[in-house]
Amino acid sequence: MQDNYDLHCHSTASDGALAPAEVVRRAHRQGVTTLALTDHDTTAGLREAAQAAEDCGIRLIPGIELSALHAHQCLHIIGLNIDAEQPILIDGLAKQQSLREQRALKIAEKLQKKGIAGAHEAVTRAAGNGEITRSHFADFLVAQGYVATQQDAFDRYLSKGKPAFVPTQWAGLEEAVGWIRAAGGVAVLAHPLRYSLSFKWMDKALTAFKQFGGQGVEVVTGRASADDILLSLQLTRKHRLLASVGSDFHTPENQWVELGRLAPLPAGAEPVWSLFLPELPLVADIH
Ligand code: AMP
Ligand code: MN
Ligand code: MN
Ligand code: MN
(Lines give C-alpha, C1' and ligand atoms only; values in the text may rest on other atoms or scores of the structure.)
(Ligands and ions follow the chains in the order given, each with its own letter.)
Protein backbone atom coordinates (compact mmCIF):
# COMPACT_ATOMS: atom_id res chain seq x y z
CA MET A 1 0.00 0.00 0.00
CA GLN A 2 1.21 3.50 -0.80
CA ASP A 3 2.31 5.57 2.18
CA ASN A 4 -0.14 8.33 2.96
CA TYR A 5 0.67 10.67 5.86
CA ASP A 6 -1.71 13.03 7.59
CA LEU A 7 -0.09 14.52 10.68
CA HIS A 8 -2.63 17.14 11.81
CA CYS A 9 -6.30 16.63 12.67
CA HIS A 10 -8.87 17.12 15.43
CA SER A 11 -11.42 15.08 17.36
CA THR A 12 -14.10 15.81 19.95
CA ALA A 13 -11.25 16.07 22.49
CA SER A 14 -11.05 19.66 21.16
CA ASP A 15 -12.91 21.23 18.23
CA GLY A 16 -13.33 18.25 15.92
CA ALA A 17 -16.76 16.86 15.08
CA LEU A 18 -15.83 13.17 15.30
CA ALA A 19 -14.82 11.05 18.29
CA PRO A 20 -11.14 10.01 18.25
CA ALA A 21 -11.96 6.46 17.12
CA GLU A 22 -14.17 7.82 14.33
CA VAL A 23 -11.37 10.09 13.10
CA VAL A 24 -9.02 7.11 12.97
CA ARG A 25 -11.52 4.91 11.13
CA ARG A 26 -12.30 7.68 8.65
CA ALA A 27 -8.58 8.25 8.03
CA HIS A 28 -8.16 4.54 7.37
CA ARG A 29 -11.09 4.56 4.91
CA GLN A 30 -9.51 7.54 3.16
CA GLY A 31 -6.29 5.61 2.65
CA VAL A 32 -4.17 7.24 5.35
CA THR A 33 -1.45 4.87 6.55
CA THR A 34 0.13 7.14 9.21
CA LEU A 35 -2.09 9.53 11.16
CA ALA A 36 -1.29 11.99 13.95
CA LEU A 37 -4.19 13.13 16.12
CA THR A 38 -3.33 16.68 17.23
CA ASP A 39 -6.05 18.17 19.39
CA HIS A 40 -5.77 21.71 20.80
CA ASP A 41 -3.87 21.65 24.10
CA THR A 42 -4.98 18.14 25.04
CA THR A 43 -3.91 14.54 24.66
CA ALA A 44 -7.23 13.22 25.99
CA GLY A 45 -8.23 11.61 22.68
CA LEU A 46 -5.04 9.65 22.16
CA ARG A 47 -5.86 6.54 24.14
CA GLU A 48 -9.13 5.93 22.28
CA ALA A 49 -7.44 6.75 18.96
CA ALA A 50 -4.60 4.32 19.63
CA GLN A 51 -7.04 1.50 20.33
CA ALA A 52 -8.96 2.21 17.13
CA ALA A 53 -5.72 2.43 15.16
CA GLU A 54 -4.66 -0.96 16.42
CA ASP A 55 -8.06 -2.41 15.51
CA CYS A 56 -8.06 -1.15 11.94
CA GLY A 57 -4.33 -1.38 11.23
CA ILE A 58 -3.22 2.20 10.75
CA ARG A 59 -0.14 3.77 12.36
CA LEU A 60 -1.08 6.41 14.94
CA ILE A 61 1.46 9.04 15.94
CA PRO A 62 0.51 10.60 19.30
CA GLY A 63 0.29 14.34 18.74
CA ILE A 64 -0.91 17.70 20.01
CA GLU A 65 -1.47 21.27 18.77
CA LEU A 66 -0.30 23.84 21.31
CA SER A 67 -1.28 27.50 21.33
CA ALA A 68 1.89 29.51 21.94
CA LEU A 69 2.78 33.20 22.05
CA HIS A 70 5.70 34.74 20.25
CA ALA A 71 6.13 38.50 20.02
CA HIS A 72 2.42 39.03 20.87
CA GLN A 73 1.34 36.64 18.14
CA CYS A 74 -0.40 33.32 18.79
CA LEU A 75 1.28 30.52 16.84
CA HIS A 76 0.16 26.89 16.69
CA ILE A 77 2.86 24.35 17.40
CA ILE A 78 2.27 20.72 16.54
CA GLY A 79 3.98 18.13 18.71
CA LEU A 80 4.50 14.78 16.97
CA ASN A 81 5.41 11.47 18.55
CA ILE A 82 4.99 12.79 22.08
CA ASP A 83 4.87 10.73 25.26
CA ALA A 84 1.54 11.87 26.67
CA GLU A 85 2.50 10.60 30.14
CA GLN A 86 5.49 12.91 30.46
CA PRO A 87 5.02 15.08 33.60
CA ILE A 88 6.42 18.34 32.18
CA LEU A 89 4.00 18.13 29.27
CA ILE A 90 1.13 17.15 31.56
CA ASP A 91 1.82 20.19 33.83
CA GLY A 92 2.00 22.48 30.82
CA LEU A 93 -1.27 21.20 29.41
CA ALA A 94 -3.02 21.70 32.75
CA LYS A 95 -2.05 25.39 32.54
CA GLN A 96 -3.23 25.73 28.95
CA GLN A 97 -6.52 24.04 29.82
CA SER A 98 -7.13 26.34 32.74
CA LEU A 99 -6.43 29.31 30.43
CA ARG A 100 -9.03 27.91 28.04
CA GLU A 101 -11.63 27.67 30.82
CA GLN A 102 -10.98 31.21 32.01
CA ARG A 103 -10.99 32.55 28.47
CA ALA A 104 -14.32 30.85 27.69
CA LEU A 105 -15.93 32.65 30.63
CA LYS A 106 -14.52 35.98 29.48
CA ILE A 107 -15.59 35.47 25.85
CA ALA A 108 -19.11 34.69 27.08
CA GLU A 109 -19.11 37.86 29.22
CA LYS A 110 -18.08 39.93 26.22
CA LEU A 111 -20.82 38.39 24.10
CA GLN A 112 -23.29 39.06 26.90
CA LYS A 113 -22.33 42.74 26.75
CA LYS A 114 -23.25 42.64 23.06
CA GLY A 115 -26.66 41.27 24.02
CA ILE A 116 -25.84 37.64 23.25
CA ALA A 117 -26.84 35.44 26.17
CA GLY A 118 -26.25 31.78 26.98
CA ALA A 119 -22.93 31.32 25.21
CA HIS A 120 -21.06 29.73 28.11
CA GLU A 121 -23.72 27.13 28.79
CA ALA A 122 -23.93 26.30 25.09
CA VAL A 123 -20.20 25.88 24.47
CA THR A 124 -19.74 23.93 27.69
CA ARG A 125 -22.44 21.52 26.58
CA ALA A 126 -21.08 21.31 23.03
CA ALA A 127 -17.48 20.69 24.13
CA GLY A 128 -18.51 18.00 26.62
CA ASN A 129 -15.34 16.61 28.15
CA GLY A 130 -13.24 18.21 25.42
CA GLU A 131 -11.43 21.55 25.41
CA ILE A 132 -13.52 24.63 24.66
CA THR A 133 -12.25 26.50 21.61
CA ARG A 134 -13.37 29.56 19.71
CA SER A 135 -14.83 27.19 17.11
CA HIS A 136 -17.43 26.21 19.70
CA PHE A 137 -18.37 29.87 20.13
CA ALA A 138 -18.49 30.27 16.36
CA ASP A 139 -20.86 27.29 16.07
CA PHE A 140 -23.06 28.77 18.80
CA LEU A 141 -23.23 32.15 17.03
CA VAL A 142 -24.19 30.41 13.78
CA ALA A 143 -26.80 28.20 15.49
CA GLN A 144 -28.40 31.22 17.15
CA GLY A 145 -28.54 33.08 13.85
CA TYR A 146 -26.20 35.93 14.86
CA VAL A 147 -23.94 35.13 11.91
CA ALA A 148 -24.25 33.04 8.76
CA THR A 149 -20.99 31.07 8.89
CA GLN A 150 -18.09 30.16 11.21
CA GLN A 151 -15.94 32.53 9.22
CA ASP A 152 -18.42 35.39 9.86
CA ALA A 153 -18.34 34.57 13.55
CA PHE A 154 -14.57 35.02 13.58
CA ASP A 155 -14.67 38.11 11.37
CA ARG A 156 -17.35 39.86 13.42
CA TYR A 157 -16.81 38.64 16.99
CA LEU A 158 -13.97 36.26 17.75
CA SER A 159 -10.83 37.35 15.90
CA LYS A 160 -8.20 39.69 17.33
CA GLY A 161 -9.59 43.23 17.47
CA LYS A 162 -13.24 42.08 17.46
CA PRO A 163 -15.64 42.59 20.38
CA ALA A 164 -15.44 39.10 21.89
CA PHE A 165 -11.70 38.57 21.46
CA VAL A 166 -9.91 37.82 24.73
CA PRO A 167 -6.11 38.10 24.76
CA THR A 168 -4.70 34.99 26.43
CA GLN A 169 -1.32 34.35 28.04
CA TRP A 170 -0.59 31.04 26.32
CA ALA A 171 2.78 29.43 26.87
CA GLY A 172 5.68 31.26 25.27
CA LEU A 173 7.10 29.69 22.13
CA GLU A 174 10.23 28.51 23.96
CA GLU A 175 8.14 26.95 26.71
CA ALA A 176 5.75 25.20 24.30
CA VAL A 177 8.59 23.76 22.23
CA GLY A 178 10.29 22.75 25.49
CA TRP A 179 7.26 20.74 26.65
CA ILE A 180 7.13 18.88 23.34
CA ARG A 181 10.84 18.15 23.40
CA ALA A 182 10.67 17.09 27.06
CA ALA A 183 7.98 14.60 26.01
CA GLY A 184 10.34 13.20 23.38
CA GLY A 185 8.37 14.79 20.56
CA VAL A 186 9.16 16.80 17.46
CA ALA A 187 7.92 20.41 17.35
CA VAL A 188 6.45 21.61 14.05
CA LEU A 189 5.11 25.08 13.23
CA ALA A 190 1.54 24.56 12.00
CA HIS A 191 0.10 26.21 8.87
CA PRO A 192 2.78 28.95 8.56
CA LEU A 193 0.84 31.03 6.02
CA ARG A 194 -2.43 31.17 7.95
CA TYR A 195 -1.26 33.85 10.40
CA SER A 196 -1.15 36.64 7.82
CA LEU A 197 2.35 37.55 8.94
CA SER A 198 5.03 38.96 6.67
CA PHE A 199 7.77 36.72 5.32
CA LYS A 200 10.26 38.80 7.29
CA TRP A 201 8.36 38.28 10.56
CA MET A 202 8.07 34.55 9.93
CA ASP A 203 11.73 34.39 9.02
CA LYS A 204 12.69 35.91 12.38
CA ALA A 205 10.21 33.75 14.26
CA LEU A 206 11.64 30.60 12.67
CA THR A 207 15.14 31.58 13.74
CA ALA A 208 13.86 31.71 17.32
CA PHE A 209 11.78 28.54 16.88
CA LYS A 210 14.81 26.60 15.73
CA GLN A 211 16.93 27.97 18.57
CA PHE A 212 14.28 26.78 21.03
CA GLY A 213 14.44 23.25 19.58
CA GLY A 214 11.77 23.41 16.86
CA GLN A 215 12.46 20.98 14.03
CA GLY A 216 9.74 21.24 11.41
CA VAL A 217 7.23 23.33 9.50
CA GLU A 218 3.98 22.22 7.90
CA VAL A 219 4.67 22.54 4.21
CA VAL A 220 1.54 20.82 2.92
CA THR A 221 -1.66 21.77 4.78
CA GLY A 222 -5.38 21.36 4.13
CA ARG A 223 -6.09 24.15 1.68
CA ALA A 224 -2.58 25.18 0.65
CA SER A 225 -2.13 26.20 -2.98
CA ALA A 226 0.91 25.15 -5.01
CA ASP A 227 2.40 28.60 -4.34
CA ASP A 228 1.78 28.28 -0.61
CA ILE A 229 3.55 24.95 -0.60
CA LEU A 230 6.59 26.38 -2.37
CA LEU A 231 6.74 29.38 -0.05
CA SER A 232 6.61 27.13 3.01
CA LEU A 233 9.24 24.90 1.45
CA GLN A 234 11.50 27.94 1.05
CA LEU A 235 11.12 28.67 4.74
CA THR A 236 12.13 25.13 5.69
CA ARG A 237 15.13 25.18 3.40
CA LYS A 238 16.33 28.55 4.57
CA HIS A 239 16.17 27.45 8.21
CA ARG A 240 17.16 23.84 7.63
CA LEU A 241 13.91 22.59 9.09
CA LEU A 242 12.03 19.43 8.16
CA ALA A 243 8.71 19.37 6.32
CA SER A 244 5.41 18.05 7.64
CA VAL A 245 2.04 17.36 6.04
CA GLY A 246 -1.33 17.71 7.76
CA SER A 247 -4.89 18.33 6.66
CA ASP A 248 -6.08 20.09 9.86
CA PHE A 249 -9.26 18.07 9.40
CA HIS A 250 -12.06 19.08 11.82
CA THR A 251 -15.35 17.87 10.35
CA PRO A 252 -16.81 15.89 7.45
CA GLU A 253 -19.08 18.89 6.87
CA ASN A 254 -16.19 20.90 5.49
CA GLN A 255 -15.97 19.46 2.01
CA TRP A 256 -12.71 21.32 1.32
CA VAL A 257 -10.67 19.63 4.01
CA GLU A 258 -10.61 15.85 4.15
CA LEU A 259 -8.26 13.35 5.77
CA GLY A 260 -5.62 11.87 3.50
CA ARG A 261 -6.22 14.14 0.51
CA LEU A 262 -3.00 16.11 0.71
CA ALA A 263 -0.62 17.00 -2.06
CA PRO A 264 2.67 15.09 -1.87
CA LEU A 265 5.69 16.78 -0.34
CA PRO A 266 7.44 18.82 -3.03
CA ALA A 267 10.83 17.72 -4.30
CA GLY A 268 13.59 18.93 -2.01
CA ALA A 269 11.53 18.67 1.17
CA GLU A 270 12.96 16.53 3.95
CA PRO A 271 10.09 14.75 5.70
CA VAL A 272 9.79 15.36 9.42
CA TRP A 273 8.81 11.74 10.00
CA SER A 274 12.38 10.68 9.22
CA LEU A 275 12.98 11.71 12.86
CA PHE A 276 10.56 9.26 14.39
CA LEU A 277 10.08 6.66 11.66
CA PRO A 278 13.74 6.33 10.70
CA GLU A 279 13.21 2.99 9.07
CA LEU A 280 11.18 4.64 6.33
CA PRO A 281 12.70 5.84 3.06
CA LEU A 282 13.64 9.49 2.78
CA VAL A 283 12.49 12.23 0.43
CA ALA A 284 12.18 11.10 -3.17
CA ASP A 285 10.83 7.67 -2.36
CA ILE A 286 7.89 8.93 -0.39
CA HIS A 287 5.39 9.51 -3.20
P1 AMP B 1 -8.74 28.63 19.76
O2 AMP B 1 -7.53 27.76 19.79
O3 AMP B 1 -9.73 28.29 20.83
O4 AMP B 1 -8.44 30.08 19.70
O5 AMP B 1 -9.54 28.26 18.45
C6 AMP B 1 -8.85 28.25 17.26
C7 AMP B 1 -9.61 27.38 16.28
O8 AMP B 1 -10.66 28.11 15.71
C9 AMP B 1 -8.72 27.01 15.12
O10 AMP B 1 -8.03 25.82 15.36
C11 AMP B 1 -9.69 26.81 14.01
O12 AMP B 1 -10.25 25.53 14.10
C13 AMP B 1 -10.75 27.83 14.33
N14 AMP B 1 -10.55 29.10 13.62
C15 AMP B 1 -9.66 30.06 13.87
N16 AMP B 1 -9.79 31.09 13.02
C17 AMP B 1 -10.82 30.77 12.21
C18 AMP B 1 -11.47 31.43 11.14
N19 AMP B 1 -11.09 32.62 10.73
N20 AMP B 1 -12.49 30.78 10.54
C21 AMP B 1 -12.89 29.56 10.97
N22 AMP B 1 -12.32 28.90 11.98
C23 AMP B 1 -11.29 29.50 12.60
MN1 MN C 1 -9.22 23.95 15.50
MN1 MN D 1 -4.11 25.58 14.07
MN1 MN E 1 -5.43 22.34 13.87
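We use all heavy atoms of the structure for the numbers below, so side chains are in, but hydrogens, waters and symmetry mates are not. As the structure lists them, so they are numbered: ligands from 1, and atoms in each ligand from 1.
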Distance-only criterion, 3.5 Å: show the donor-acceptor pairs between side-chain atoms of residues 35-46 and protein atoms not counting sequence neighbours.
| residue | atom | partner | partner atom | Å |
| --- | --- | --- | --- | --- |
| T38 | OG1 | C9 | N | 3.0 |
| T38 | OG1 | C9 | O | 3.1 |
| D39 | OD1 | S11 | N | 2.8 |
| D39 | OD1 | S14 | N | 3.4 |
| D39 | OD1 | S14 | OG | 2.5 |
| D39 | OD2 | S11 | N | 3.4 |
| D39 | OD2 | S11 | OG | 2.6 |
| H40 | NE2 | D15 | OD1 | 3.3 |
| H40 | NE2 | D15 | OD2 | 3.2 |
| D41 | OD1 | S67 | N | 3.3 |
| D41 | OD1 | Q96 | NE2 | 2.9 |
| D41 | OD2 | S67 | OG | 3.4 |
| D41 | OD2 | R100 | NE | 3.0 |
| D41 | OD2 | R100 | NH2 | 3.0 |
| T42 | OG1 | A44 | N | 2.9 |

Problem - For ligand 1, the residues whose heavy atoms come within less than 4.0 Å (ordered by chain, then number) - result: D15, H40, R100, R103, T133, R134, S135, Q150, Q151, F154, H250

Handout entry: K162 vs D155, salt bridge (charged side-chain N to carboxylate O under 4.0 Å, His left out): CA-CA, chis, key distance, verdict
Key = CA-CA 7 Å; K162 302 301 169 185; D155 292 347; over 6 Å; no

Practice task
For residues L69 and L173, determine if any side-chain heavy atom of one lies less than 4.5 Å from a side-chain heavy atom of the other.
Solution key: no

Handout entry: Donor-acceptor side-chain pairing of Q102 and S98 below 3.5 angstrom
Key = yes

Practice task
Measure up the H70 and F212 rings against each other and bin them: parallel (under 30°), tilted (30 to 60°), perpendicular (over 60°).
Solution key: perpendicular

Exercise for the section: Give the C-alpha distance, both sets of side-chain angles, the deciding distance and a yes or no for salt bridge (charged side-chain N to carboxylate O under 4.0 Å, His left out) between R26 and E258. Expected result: CA-CA 9 Å; R26 187 180 185 91; E258 181 52 270; 2.7 Å; yes

Residues 108-117, side-chain donor-acceptor partners within the protein, below 3.5 Å, at least two apart:
| residue | atom | partner | partner atom | Å |
| --- | --- | --- | --- | --- |
| K110 | NZ | F165 | O | 3.0 |

Handout entry: Modelled atom types, side-chain donor and acceptor of T221 and D248, under 3.5 Å
Key = no

Exercise for the section: Determine the interplanar angle of the H10 and H8 rings, folded into 0 to 90°, and report it as parallel if under 30°, tilted if 30 to 60°, perpendicular if over 60°. Expected result: perpendicular

Fill in the blank from the handout: Within the 2.8 Å cut-off the protein N, O or S neighbours of the Mn ion (ligand 4) are H8 NE2, H10 NE2, E65 OE1, D248 OD1

